[in-house]
Amino acid sequence: LPAENYAIQKGIHPRTSTLANIAAMKEQFRAWGVLYDWTKEVTTCEPAYYHWNQWFFLKLLEKGLAVRRKSAVNWCPSCETVLANEQAEGGVCERCKTPVVQRELEQWFLKITDYAESLLAGLDSLGKWPDKVVTMQRNWIGKSTGADLDFAIPALGESVRVFTTRPDTVFGATALILAPEHALVPRLIANHPKKDEIAAWVTSVRNQERLEREAENAEKDGRDTGVKAVNPFTGREIPVWIANFVIADYGTGALMAVPAHDTRDFEFAKKYSIPIVRVIEERSKNTEHLLRKEDGEDLAPRTGGASGSGEAEERDHSKKSSSGGTDAPAAAYTGEGFLVASGPFSEKSSSSARELISAEAASRGIGGPRIRYRLRDWLISRQRYWGTPIPMIRCEKDGWVPVPEKDLPVVLPPDAPFTGKGGNPLEKVASFVNTTCPECGGPARRETDTMDTFMDSSWYYLRYLDPANDRAPFDVSRAAEWAPVDQYIGGIEHAILHLLYARFFARVMKDLGLVTFEEPFSALFNQGMITRQSPTGRVEKMSKSRGNAVSLDPLIAEKGADAVRAFVLFLGPPEKDAEWSDEGISGPERFLGRVRTAVERFVASGADPRREPAAADTPAARVRHMAVKKVTQDFDAFSFHTAVAHLMEFGTHAAGLVGDPKAEPGETAATLRSLVALLHPIAPHLSEELNEKLGGTKSLLVSGWPAFDPKLAVEEIASVAVQVSGKVRGEIKVRRGSTEKEAVAAAAAESVVARWLEGKQIVKTIWVQDRLLNLVVK
RNA sequence: GCGAAAGUGGCGGAAUUGGUAGACGCGCAAGGCUCAGGACCUUGUAGCCCUUACCGGCUGUGGGGGUUCGAGUCCCCCCUUUCGCACCA
């Protein structure tokens, strides 16, 4: 989709622009010194790749995981296509930020919801993922435990099923509210005197932008159908309403309104004078009410009982309370508590009542316990040209027929008259559309919708293992050997798009016997964004779509790839956003220059660069081991900016050795060799060159990472802070491993410390080995 | 509103997870080298105070309390910023 939009904007065929972008990107990779095995290159827009998208689609179809279904879907008016729920987050199109509207359309869905529980449970195993992403996925899947309950509508001879997480509040359900999209709406309003007005309102709500309809401050708006439903537990009639805040595709698109115990229902009930019946009490705060109840004054309506028995309990709080002195509550009580006015369930706790009421609903055949998820099925149809054709054929006689596997790939015609406006260009390509039915051989039409691009990225990581395979998406044994991915890196924007789809796909592939894992990415790292101050002073993310990206090409041309790499790594922690400015580049640039100078001076002096240190345990050797240790640990921890800092320190030390006539040449040589090797990931070009100058015969890529001896990677002399009553008063140098006694003696010999100890008595001594001595005095 | 993360010099950022706050770099200042320098090298650089100088002292990690011999780090309250979620019944 982005490729197509770009192509439309520039009037270039997406294939041309995509291939040009790939070429440009490859050139940038080369200029940066990025290492990549180009024999493993994958191009998802080529038939050789999307063939297998189509193959996966057919497999999903066989398993009943790909279905064509009519439902309310998100439509982006600007991109002129439907979008998956994940791509319309917050009510706007993920690509162009245009507010989306709901449309009732028949589309292809992948049943990701079948794996909702597995996707949720699997999150617990993702210890090496950022908590944030795990939480976002958990919230997106949105598991809710509750019950389904059926509310009869005698006038229609129908019943409406609702889902609730609070079946314990059912006795307080004083209205049934349906989404405007609910299937029963037309019949409910058919006999209403203002039928046309209501129908027009329903239509207007349905056509409203999601952003507007779901806005935080959007007013609740509804219409009374005039039809009555029956609360299955109180047996009382309750009104049936239609309201804008009821979401069509969550639960059943209908809910029981319990105004006393739900803030949204409360707000709605207040506005439309719907009765508010309190059925949950926090016992500790309202014992009086309970006592009245316990006196035997059973005010609760009986289950399935005749009308009238609950009259006294019902209070219409929209009017001034006339008797009993009970004022209208100011807000809903949404907490847990104990049931009141709930027939046989009165006195029960919320939690036990939930189970009992759910169980009774099940036994009466009107619902029962139910778990629901916020997650919706993945809508993959796109009314766009530049994508993988969905391999389906529509036959008048046989309906939807899959393209036989042997006929794959269904190739996207190169010559569609795409404009981005006025429908899918594929519909205009007769040679593509017109085909024959694989079942009956009669004339038929191809599906012209293409697949969501996230289909490509759901399994691409496995294609890298076997990019040329023309018999299968990838070789199963190679996948078994190499996958899952050890370390995945990507931006947070993928948290609930790509990463959720890929997790779903891994489960599908496991069920297909292609892989043995369920979680495709063992560890995940979210890098921060590079931001930039816009001319208006706002800090915004640098991106292609904003057109505010800074090209590093000129900087690389001027300073060299190594300096730019070192500088970018030195900007700060990689998981954090960083504001772009090329001001600080001189630091890393100078550093690399100093390393070069040090090596060149050493070689020019005629010293043997391959020489080994004369002694293993010297102060200089310890510095070297410490540097190797620190830099190695920094890399392991993705702390590249401190790796650069530690290399700078080590570089200064190395330059000092080169300039020091008393330095031992073997140690100096070893120091330079270590420095150059450690520098390789940051400055590969320079370090390879200096490695050669230092007599290296193999690339640093194959000659191995420097090792350190943990015993030598510590200073021999420890500087110990000396505190007197918790305040630092001096520092002593002691041999590593010194005893407390030795340290106290050394500290007392320090004049400043001695002054603070004068006339005092040491009441307590705290000794942290090799680090700190605290003398508490009185 | 709910949830999460963060707040450290002029700036980017360190701090072995309770143990010398400010590593490393930018910037700035002084000096050296130089015909010159936006090149390079050296030194200094949290604030305040005492001192000719040295030695030193006090304060300091968003604000306020607390725990501790000791707090940037742990606990409680508050403020600010950023990011998620936000009618999901």
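Worth saying up front: this structure is predicted, and the values here are computed from it rather than measured. Hydrogens, waters and symmetry mates are skipped; everything else that's a heavy atom, side chains included, is used. Throughout, protein chains are lettered first and strands after them, A, B, ... in sequence-line order, and every chain is numbered starting at 1.
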Query - Protein-nucleotide distance (A:L592, atom CG; B:C40, atom P), rounded to Å - result: 13 Å
Query - Under 4.0 angstrom between A:R594 side-chain N/O and B:C40 OP1 or OP2 - result: no
Requested in this report: Report the distance from atom CG of A:D582 to atom P of B:G27, rounded to the nearest whole Å.
Outcome: 12 Å
**Report entry** Nearest-Å distance for atom pair NE2/C1', residues A:H653 and B:C24
**Finding:** 17 Å
Query raised in the report: When the distance from CD1 of A:I247 to P of B:C87 is rounded to whole Å, what number comes out?
Result: 6 Å
Report summary line: Among B:A89, B:G25, B:G19, the one nearest any side-chain atom of A:P588 is B:G25
Requested in this report: Can you measure from CE (A:M626) to NE2 (A:H653) and round to the nearest 0.5 angstrom?
Outcome: 8.5 Å
**Report entry** Base-pairing string, 5' to 3', of RNA chain B - Watson-Crick or wobble, under 3.5 Å, | interstrand
**Finding:** (((((((..(((......[....)))((((((.......))))))((((......))))..(((((..]....))))))))))))....
Report task. Assess the side chains of A:W378 and A:N85: does a donor N or O sit below 3.5 Å from an acceptor N or O? Result -> no
Query raised in the report: Are A:F638 and A:F640 near enough that their ring centres are under 6.0 Å apart?
Result: yes
Report summary line: Classified by glycosidic angle (syn within 90° of 0, else anti), B:G9 comes out syn
Report task. Answer yes if the side chains of A:T642 and A:D634 hold a donor-acceptor pair under 3.5 Å, and no otherwise. Result -> yes
**Report entry** Letter per nucleotide, 5' to 3', of nucleotides 3-14 of chain B [B base touched, S only sugar-phosphate touched, - untouched; heavy atoms, 4.0 Å]
**Finding:** ---------BSS
Query - Any A:R590 side-chain nitrogen or oxygen under 4.0 Å from OP1 or OP2 of B:C40 - result: yes
Query raised in the report: Given atom CG of A:N526 and atom C1' of B:C83, what is their separation to the nearest angstrom?
Result: 12 Å
Report task. State plainly whether the residues A:D265 and A:R166 are in salt-bridge range, i.e. N to O under 4.0 Å. Result -> no
Query raised in the report: Do the side-chain N or O atoms of A:R374 get closer than 4.0 angstrom to the phosphate oxygens (OP1, OP2) of B:A86?
Result: yes
Report task. Evaluate the side chain to side chain donor-acceptor pair (under 3.5 Å) criterion for residues A:W140 and A:E86: first the C-alpha distance (whole Å), next the side-chain angles of each, then the deciding distance (0.1 Å), finally the verdict. Result -> CA-CA 9 Å; A:W140 188 259; A:E86 289 78 17; 2.9 Å; yes
List every contact pair, protein side and nucleotides 68-73 of chain B side both N or O, where the distance is under 3.5 Å.
{"from": "B:C69", "atom 1": "O2", "to": "A:N774", "atom 2": "ND2", "distance (Å)": "2.2"}

Report task. Please report, rounded to the nearest Å, how far the C1' atom of B:A21 is from the CD atom of A:E731. Result -> 14 Å
Report task. May I ask you to establish whether A:K220 and A:F245 are in a cation-pi arrangement, using a distance under 6.0 Å from NZ or CZ to the six-membered ring centre and at most 45° from the ring axis? Result -> yes
Query raised in the report: Would you say A:R596's side chain and A:F591's backbone share a donor-acceptor pair under 3.5 angstrom?
Result: no
Report task. Tell me whether the centres of the aromatic rings in A:Y272 and A:W241 are closer together than 6.0 Å. Result -> yes
Query raised in the report: Are any side-chain N or O atoms of A:R213 and backbone N or O atoms of A:N244, one a donor and one an acceptor, separated by less than 3.5 Å?
Result: yes
What's touching nucleotides 50-61 of chain B from the protein side, N or O pairs under 3.5 Å?
{"from": "B:G57", "atom 1": "OP1", "to": "A:R729", "atom 2": "NH1", "distance (Å)": "3.3"}
{"from": "B:G57", "atom 1": "OP1", "to": "A:W756", "atom 2": "NE1", "distance (Å)": "3.1"}
{"from": "B:C58", "atom 1": "OP1", "to": "A:R729", "atom 2": "NH2", "distance (Å)": "3.3"}
{"from": "B:C58", "atom 1": "OP2", "to": "A:R729", "atom 2": "NH1", "distance (Å)": "3.0"}
{"from": "B:U59", "atom 1": "OP2", "to": "A:K727", "atom 2": "NZ", "distance (Å)": "3.4"}

Query raised in the report: Within this structure, what is the NZ-to-C1' distance between A:K559 and B:A39, rounded to whole angstrom?
Result: 11 Å
Query raised in the report: Are OP1 or OP2 of B:A89 and a side-chain N or O of A:S144 less than 4.0 angstrom apart?
Result: yes
Report summary line: Taken to the nearest whole Å, CD/A:E589 to P/B:A39 is 10 Å
Query raised in the report: Relative to the 5' end of RNA chain B, which residue comes earlier, A:S586 or A:R210, by the nucleotide with the nearest heavy atom?
Result: A:S586
Query raised in the report: Tell me, which pairs form a salt bridge (charged side-chain N to carboxylate O under 4.0 Å, His left out) where one or both residues lie in residues 712-722 of chain A, sequence neighbours left out?
Result: none
Query raised in the report: By side-chain hydrogen bond (donor to acceptor under 3.5 Å, both in side chains), which residues pair with A:R372, not counting sequence neighbours?
Result: A:D148
Report task. Scan side-chain atoms only and decide if A:T652 and A:E649 contain a donor-acceptor pair under the 3.5 Å cut-off. Result -> no
